[in-house]
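To start, the structure under review is shown below, and the notes come after it.
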Amino acid sequence: MGILPVLFSDGQDARSTRRKKVFVGWARKKVFVGWASCPSYFWTGKMPVPQEEKKFLWDGHPARPNYFCNKSMESRIQAYLRFAASQQRDTEHIGPFLATFSPHTTNPYLNYAIPEDGATPSLADVNALIAAYSDRDRQPRLEYVTKLAPAVEEALISAGFTVEGRLPLMICTPGSEKLLPIPPEIELILPVSDDELLGTVAAQNEAYGEAAPSPEDVDSLRKTLAAGGIAVLARVAATGEPAGAGICTPPQNQTTEIAGIGVRPSFRRRGIAGALTARLLREAFDAGVTVAFLMTLHEQEFRVYTRAGFSAIVSEGCANDEILHISLPPQ
């Protein structure tokens, strides 16, 4: 769900909550995905990883002992990513790829492909994918759960693609969320009015270094909320000045992604990002979501999300699950 730099309230460079402007969801299906067991360990949800089996999420930074071990979780998240990426975008099946194209922007984080599980693309498939994006003046780009299509990366690298990042996945389920304090003089609201919606988008845009919001941006947020998405706006209680915001994308299969959490520079280092994350989780679970996920890039933001109740996903021998971001550099 692309990454864009934004500073969280503690001032760390946070790139995990990708800027997602529009997602229209469908009705939630009441489907339960059971927890899978982790080899050699019996557990009921969270588990410490033994020293000899610790993996690294970042160069030189060992993974924290906060994990969910679930062999089916990555498939559930990949299915959600396909659903979410297809909303309000043009789509085309190209070989084993689902290619999505935003009709409104060339932003690479809103134009990318996802391979089928187990895909083994040929060079012709990759070349066709490149041509489809190039013909639309879009950068050829993919985002997907690496282990579900392990043969794809080699095929892309051979065609000239370069890895942008490997983002560890984190999830939170009902009962795991934490109550985090709301900073003094700040209030959290669910935006409803036009002014509140504008303030939400404006805070996100400023946090991400983007231009002032357009009427289309506000309309996109309104459509997202109408489809079941959730937005939370942090603002100064006395004046209503926006301080930061974040969203939950419209749920599918009782799953949602926490995205677009951004805090304006003048309001950072106050704990606003953590408070936004905690409130989004509470609202999502109250709405029937059973899995909220996000992606992280740095250990610092891993700690922020851990405080809110998120845990890293591990599976198949307790290896860390990740989303691969890979693209073809401009020629």
Side-chain angles (χ1 to χ4, degrees), residues 1-21 23 107 109 165 167 170 172 177-193 195-214 217-218 220-221 224-225 229-249 256-284 292-310:
M1 150 334 350
I3 53 174
L4 290 173
V6 55
L7 293 179
F8 272 149
S9 57
D10 60 0
Q12 301 297 343
D13 184 14
R15 300 169 186 267
S16 65
T17 48
R18 300 173 299 158
R19 184 74 167 99
K20 294 192 175 182
K21 295 183 178 178
F23 285 125
N107 187 326
Y109 308 108
L167 283 66
M170 300 185 76
C172 187
E177 71 276 19
K178 308 297 183 183
L179 291 176
L180 297 182
I182 300 173
E185 302 180 357
I186 296 295
E187 64 179 0
L188 304 181
I189 68 165
L190 303 182
V192 176
S193 70
D195 285 345
E196 291 167 350
L197 294 174
L198 177 62
T200 299
V201 181
Q204 289 178 307
N205 280 16
E206 182 176 338
Y208 281 91
E210 297 181 8
S214 67
D217 291 333
V218 177
S220 292
L221 176 58
T224 297
L225 301 183
I230 300 167
V232 174
L233 171 65
R235 67 183 186 182
V236 178
T239 65
E241 180 185 1
I247 67 168
C248 291
T249 57
T256 188
E257 181 178 4
I258 303 291
I261 294 178
V263 177
R264 297 174 60 204
S266 58
F267 290 94
R268 289 169 186 162
R269 298 183 181 274
R270 302 188 191 182
I272 293 176
L276 283 167
T277 304
R279 176 64 181 273
L280 284 166
L281 283 172
R282 192 186 82 192
E283 295 292 338
F293 73 94
L294 50 74
M295 307 166 202
T296 65
L297 186 63
H298 298 302
E299 184 184 13
Q300 294 92 338
E301 62 190 65
F302 184 90
R303 289 198 295 264
V304 171
Y305 291 131
T306 297
R307 288 197 296 269
F310 278 89

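Keep in mind that the numbers below use all heavy atoms, side chains included, and drop hydrogens, waters and symmetry copies.
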CA sep, side-chain torsions, deciding dist, call: Ile247, Gln204, side-chain contact (heavy atoms from CB on, under 4.5 Å): CA-CA 10 Å; Ile247 67 168; Gln204 289 178 307; 4.0 Å; yes
Taking every non-hydrogen atom, the tightest pair across Gly309 and Cys172: O-SG, 3.4 Å
Contact summary for Leu281 and Ala308, nearest pair of heavy atoms: CD1-O, 3.5 Å
Residue Leu190 excluded, over 12 heavy atoms near CG under 6.0 Å: yes
Spacing of Thr306 atom OG1 and Lys178 atom NZ [to the nearest 0.5 Å]: 10.0 Å
Spacing of Glu210 atom CD and Asn107 atom CG [to the nearest 0.5 Å]: 7.0 Å
Closest non-hydrogen atom pair, Leu180 against Gly274: CD1-O, 3.4 Å
Pairing residues for Ala284 by the side chain to side chain contact (heavy atoms under 4.5 Å, CB included) criterion, not counting sequence neighbours: Ile230, Cys248, Thr256, Val289
Polar side-chain atom of Arg279 near backbone of Leu188 as donor-acceptor pair, under 3.5 Å: yes
Shortest non-hydrogen separation from Pro265 to Glu206 and the atoms involved: CD-OE2, 3.5 Å
Any residue meeting side chain to side chain contact (heavy atoms under 4.5 Å, CB included) with Leu197, in chain and number order, not counting sequence neighbours: Pro191, Val218, Leu221, Arg222, Leu225
Derivation of the side-chain contact (heavy atoms from CB on, under 4.5 Å) call for Ile258 and Phe310: CA-CA 11 Å; Ile258 303 291; Phe310 278 89; 3.7 Å; yes
Short N-O contact, Arg270 and Glu185, less than 4.0 angstrom: no
Nearest non-hydrogen partners of Leu276 and Ala245, listed with the distance: CD1-N, 3.6 Å
Audit row: Ile261, Leu280, side-chain contact (heavy atoms from CB on, under 4.5 Å) steps and yes/no: CA-CA 10 Å; Ile261 294 178; Leu280 284 166; 4.3 Å; yes
Heavy-atom pair with the smallest gap, counting every atom of Pro213 and Val201: CB-CG1, 3.4 Å
Interatomic spacing from CG in Asn205 to CG in Asp217 - rounded to 0.5 Å: 5.5 Å
Distance in Å, Thr200 OG1 paired with Arg235 CZ, rounded so as to fall on 0.5 Å steps: 9.0 Å
